[in-house]
Amino acid sequence: KLAHESGLTLGGGNMKVGNTDAATGLEIATGYALYSNGGVSIGYQEAYINASVTEKGTTTRGNDTESDGFAVAYTAGDFSFSYSKTNETTKAVGATAALEEEEFSAVQAAYNMGGMTIAASLYDADNLDGVAAKKYEETEISVSFAF
């Protein structure tokens with residue numbers, strides 16, 4: 001992670017998993033950029049999973065996955081709002097076809113009044129689990145109190 005006083009932060013990570021009882025070889029990498037100024041934050045992230053995993057006792061190789069997404073958040077006093085969108089693609093391997101690109105989005109808003117918070121969230125997923133036209137939608141409204 002590298003942060004600058006201008007509000008820009010760059011970061012990333014890498015993880016390698018060696019041999020385990022269940023599988024061999026896995027690598028995950030991610031990188032992001034975040035800019036914050038006052039009550040506004042804008043971020044972008046990319047991630048990659050190299051699923052060179054093989055199940056013990058087989059030669060089956062996992063599918064690699066790539067994803068990218070962005071988010072925008074705004075806070076003003078007691079009010080906050082955010083929107084995010086992410087796309088995830090699972091690649092083909094050998095005779096195994098690539099999955100449909102998954103698309104996720106979320107909208108969230110909250111208002112704080114002293115010890116009470118009222119919040120609403122809308123979540124949407126298209127091509128869930130890489131299956132064409134499989135959708136997921138969720139709406140949540142909550143009220144919480146702090147004593």
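When reading the values below, keep in mind they use all heavy atoms of this one structure, side chains included, and skip hydrogens, waters and symmetry mates.
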Rounded to the nearest 0.5 Å, how far does [atom2] of [Y] lie from [atom1] of [X]?
{"X": "L8", "Y": "L34", "atom1": "CG", "atom2": "CG", "value": "8.0 Å"}
{"X": "T9", "Y": "H4", "atom1": "OG1", "atom2": "NE2", "value": "10.5 Å"}
{"X": "L10", "Y": "Y32", "atom1": "CG", "atom2": "OH", "value": "8.0 Å"}
{"X": "N87", "Y": "E46", "atom1": "CG", "atom2": "CD", "value": "11.0 Å"}

According to side chain to side chain contact (heavy atoms under 4.5 Å, CB included), who are the partners of L128, at least two apart in sequence or on a separate chain?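 Partners of L128 under the side chain to side chain contact (heavy atoms under 4.5 Å, CB included) test: E102, F104, A125, K134, Y136.
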Linking I/L/V/M/F/W/Y whenever any side-chain heavy atoms sit under 4.5 Å apart, do [X] and [Y] land together?
{"X": "F145", "Y": "I118", "answer": "yes"}
{"X": "L2", "Y": "Y44", "answer": "no"}
{"X": "V107", "Y": "F70", "answer": "yes"}
{"X": "M113", "Y": "F79", "answer": "yes"}

What pairs of residues pass the salt bridge (charged side-chain N to carboxylate O under 4.0 Å, His left out) test when at least one of them lies in residues 112-124, not counting sequence neighbours?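 For residues 112-124, and leaving out neighbouring residues, the salt bridge (charged side-chain N to carboxylate O under 4.0 Å, His left out) pairs sorted by first residue read D124-K135.
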What residue pairs, at least two apart or across chains, pass salt bridge (charged side-chain N to carboxylate O under 4.0 Å, His left out) with a residue in residues 65-78?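 Residue pairs passing salt bridge (charged side-chain N to carboxylate O under 4.0 Å, His left out), neighbours aside: E66-K91.
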Are [X] and [Y] close enough that some pair of their side-chain heavy atoms sits under 4.5 Å apart?
{"X": "Y74", "Y": "V72", "result": "no"}
{"X": "Y35", "Y": "V40", "result": "no"}
{"X": "Y123", "Y": "Q108", "result": "yes"}

Okay, side chain of T90, backbone of A98: is any donor-acceptor separation there less than 3.5 Å?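 Not at all, since once roles are kept as given, no pair shorter than 3.5 Å links the two residues.
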Does the side chain of T30 come under 3.5 Å of the side chain of Q45 through a donor N or O and an acceptor N or O?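 Yes.
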Is it the case that T75 and S80 place a side-chain donor and acceptor less than 3.5 Å from each other?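 Absent: no donor and acceptor within the cut-off.
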Qualifying residue, where the test is side chain to side chain contact (heavy atoms under 4.5 Å, CB included) with E100 and the options are N127, D126, V131: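 Per the side chain to side chain contact (heavy atoms under 4.5 Å, CB included) rule, the option paired with E100 is N127, out of N127, D126, V131.
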